[in-house]
Amino acid sequence: MSAQGFFDTGILRVLLPVPLGRPLSYAAPGSGPGFGEMPQPGSLVRVSLSGRELVGVVWDGEAETLPPDKKLKQVAEVYRTPPLSAPLRRLVDWVAAYTLNTPGMVLRMCLPMPEALTQPPPSRQVLHIAQPQPDLRPNAQRSRVLAIAAERPGLSQSELAEAAGVGAAVVRRLVELGALRALSVSADSRRSEPDGDAAGPHLSEDQQAAAQTLCAAVAARQFSVALLQGVTGSGKTEVYFEAVAEALRMGRQCLVLLPEIALTQAWLDRFERRFGGQAWAWHSELSPGRRAETLRAITSGRARVVVGARSALFLPFADLGMIVVDEEHDASYKQEEGAIYNARDMAVVRAKLESVPIVLASATPSLESLYNARRGRYAHLLLPQRHGTAEMPKVFAIDMRKHPPASQHFISAPLRVAIEKTLAEGEQAMLFLNRRGYAPLTLCGACGHRLECPNCSAWLVEHKARGRLLCHHCGFQARLPDACPACGETHRFKPCGPGVERLAEEAAALFPEARLALMTSDTMTSPQQITETLRRVEDRAVDILVGTQIVAKGHHFPMLTLVGVIDADLGLAGGDPRAAERTWQLLTQVAGRAGRAERPGSVLLQSYEPTHPVIAALARHDTEGFLLAELAERERGGMPPFGRLAALIISGTDAAQVGQAGRLLAQAAPMAHGLRVLGPAPAPLSFLRGKHRERLLLKATRDIDTAKCIAEWLGRVKLPSGVRLAVDIDPYSFL
Ligand code: ADP
Ligand code: ZN
């Protein structure tokens, strides 16, 4: 509908950032002089809803015609900010339909802070030199102030006073006398612009070929997808930086998604070294002021390159020119709370709607992307070698059945010897265990009672560093009790199995001379702390780094030559259809930390099942073989990417109601060729945050529109009121 059309009916459809199924109708504001801006699709407007003032967006499509007696509320204000673009509005509708969320909840992700756009930006007073004042009596202080103001215009009163070493009163007086002029300017920080013409490194032949393809894609201003697959350290970042440079030269914006906030700072530093200007970060840790400023910079186009976590995907760019999803296989791209969506998949959708290219980069691509590359839907760019002289590390499996450590110890003799040798050479070692806390299970030595979370069907995990027992699912905390709640015996609790804290303790006992650092999401609570620890490792102030998956990704430690994986089998068990893929990805990433510079690296995988296809493939460096076997396996089972999955998760405080809801859903389940509904069955986490949980799984062939199917299905069922239903399209978590 054209902007003109709105005034035919005088009714606007306004989408509000609230969980409503559709836009609401409002009367257009009066037109003519004094009535301000004309609303158009995408315009931000202020309206009231049940007595609340909200900022919404004028949506496309015909407003319903209302009976003449029905009086609509009028739009209260139309903001002058740039409208939400048509591609972004399409994205909201698309994501809402695909993930079965309300469009309003998706809109909320596009406008995370509407006031940043609707309210005037904060300003500050700065001082400039004015016309010389003939009757100004000069003195030493005044002359100093005026000299500095002439040299550095745009300082605030206090900055100028400080620079001149005088009191604020001296400067104030000069303003009163008219020698200095005060101007109000935006308080947003000034940043140096990245330079698309800045010279990058000299690229290898493979890198050059990949970079050329990507640059051509950016220049084409069309939708395309490229899977950039290269071993860790092969220069994927350098290659996509070339495409970023192309977008910068074209004056367009780039969005780069990273899976973890922890990686952002290193990325920003590297970007600045490469482009001589700054990129903008977007993630949940930004202060409100910085968030607002960043949003303004993105909407105005001042932010040329934005790097962020998955939530950055929905931001209202002024002129998006390309998208990069780094570590595209990473499960952190799946948002599991609130609106459940996969940012990598939705990024491809956004690229399509915006008609821009997208690059998916990874050393260990997801089977989904790999399958698309093999079918020719994505360009497949390969970087088979590490940059420079760095070789891929040698990978060995340690058969733990042959080399069992002592009871309640976790470092085998071969691994211990390898660490000794590494330290003797003055190199660094990393020990990896993807288990937070001290021990995964704490039990009473007298009666065998296990300490469980009161809100979840999960064990409590001891965290010695915090002196607490923690539930990793709901965050419940407790002190370790003196007496066993079951038998009353005191001081008999025993830790069972390894957590990363316990591993660090064992390593410290084995290598008392070594300087040890522990890195987990529990010990690293701020991005600064992470950056600081990473820097200490880089500066070789750390000999042994012990960590969970937080150490697996992206970091570059030249002197790290040994990686020991304490439990390579962890993650292979359980009912997750992606278990093998995920373990392979994680272990490849961890292994990729070893030997990234001149010194060759080795990786030792402790395993009780060294012949398992995943462990065997890692030891042989057989990426291709593993992926082909895994693809064949998925095809046989009709699993993604060959088939579609969707999960329905029912939860509630009343177990009987949850059970009833499950049965109702099963009875109304869709029936069609190529489609099966499994369940309901109690979820593996059958009790979570005080709620009982059941799951249903819909399995369908690729030609079936699962979202539509589920929408119709849910329309047939009236669930008990105390029960909540979450729909997870393309589930990654099966807990
Ligand atoms: P990846 O993203 O594939 O892990 P990076 O882009 O981080 O690889 O490259 C690994 C290291 O090699 C980085 O320090 C990077 O600067 C360096 N590097 C990669 N390619 C080149 C090149 N052509 N010239 C100089 N240094 C390079
Ligand atoms: Zn819990």
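Keep in mind the model is a prediction, meaning the values are calculated, not measured. Just so you know, ligand 1 is whichever comes first in the structure, and atom 1 is the first atom listed for that ligand.
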Notebook entry, point to check: Should you measure from each heavy atom of Leu203, which atoms of ligand 1 turn up under 4.0 Å away?
Noted result: 23 (N)
Note to self: Counting only nitrogen or oxygen atoms and a 3.5 angstrom limit, does Gly233 reach ligand 1?
What the structure shows: yes
Check: Nearest non-hydrogen atom to atom 5 (P) of ligand 1 belongs to which of Arg273, Arg274, Arg270, Arg386?
Finding: Arg270
Next item on the list: Quick one: look up the protein heavy atom nearest atom 11 (C) of ligand 1 and list residue, atom name and how far away it is.
Entry: His556 CE1, 4.2 Å
Note to self: Looking only at the side chains, is there a donor atom on one of Gln589 and Glu327 sitting less than 3.5 Å from an acceptor on the other?
What the structure shows: yes
Next item on the list: Under 4.0 Å, heavy atoms only, figure out whether ligand 1 is touched by the backbone of Leu383, its side chain, both or neither.
Entry: neither
Note to self: Test of geometry: compute the angle SG(Cys471)-the Zn ion (ligand 2)-SG(Cys456) and round it to 10°.
What the structure shows: 110°
Margin query: Is there a polar contact, in the sense of an N or O pair closer than 3.5 Å, between Lys236 and ligand 1?
Written below: yes
Checklist line | Val307 vs Trp280 side-chain heavy atoms within contact, under 4.5 Å | finding: no
Notebook entry, point to check: Which residue owns the protein heavy atom closest to atom 26 (N) of ligand 1, what's the atom, and how far is it?
Noted result: His387 NE2, 3.1 Å
Item checked: Nearest protein heavy atom with distance in Å, relative to atom 2 (O) of ligand 1 -> Thr237 OG1, 2.7 Å
Next item on the list: Answer yes when Glu427 and Arg540 have at least one side-chain N-carboxylate O distance shorter than 4.0 Å, and no when they do not.
Entry: no
Checklist line | Distance under 6.0 Å and angle within 45° of ring axis: Arg578 vs Tyr732 | finding: yes
Next item on the list: Output the list of atoms in ligand 1 that are nearer than 4.0 Å to some heavy atom of His202, sorted by atom number.
Entry: 22 (C), 23 (N), 24 (N)
Check: Does atom CZ of Arg466 have more than 12 heavy-atom neighbours, drawn from other residues, nucleotides or ligands, at distances under 6.0 Å?
Finding: yes
Notebook entry, point to check: Do any of the N, O or S atoms of Cys474 sit under 2.8 Å from the Zn ion (ligand 2)?
Noted result: yes
Notebook entry, point to check: Looking only at non-hydrogen atoms, which of Gly200, Gly235, Gly230, Ser204 approaches atom 8 (O) of ligand 1 most closely?
Noted result: Gly235
Notebook entry, point to check: Does the distance from a Lys or Arg side-chain N to an Asp or Glu carboxylate O, for Glu624 and Arg374, drop under 4.0 Å?
Noted result: yes
Margin query: Are Phe275 and Phe241 an aromatic pair, judged by ring center distance below 6.0 Å?
Written below: yes
Checklist line | Donor + acceptor pair across side chains of Glu368, Asn372 (<3.5 Å) | finding: no
Margin query: Suppose we measure from atom 20 (N) of ligand 1 to each protein heavy atom; which comes out shortest, and what is that distance?
Written below: Gln207 NE2, 2.9 Å
Next item on the list: Begin with the C-alpha distance, continue with both residues' side-chain angles, and end with the deciding distance and a verdict on side chain to side chain contact (heavy atoms under 4.5 Å, CB included) for Arg377 and Val225.
Entry: CA-CA 8 Å; Arg377 292 180 56 180; Val225 190; over 6 Å; no
Next item on the list: Keeping the roles fixed (side chain from Arg536, backbone from Ala541), state whether a donor-acceptor pair exists under 3.5 Å.
Entry: no
Notebook entry, point to check: Quick one: nearest non-hydrogen protein atom to atom 16 (O) of ligand 1, plus distance?
Noted result: Glu238 OE2, 2.8 Å
Next item on the list: Within a distance under 4.0 Å of any heavy atom of Val231, pick out the atoms of ligand 1 and give their elements.
Entry: 3 (O)
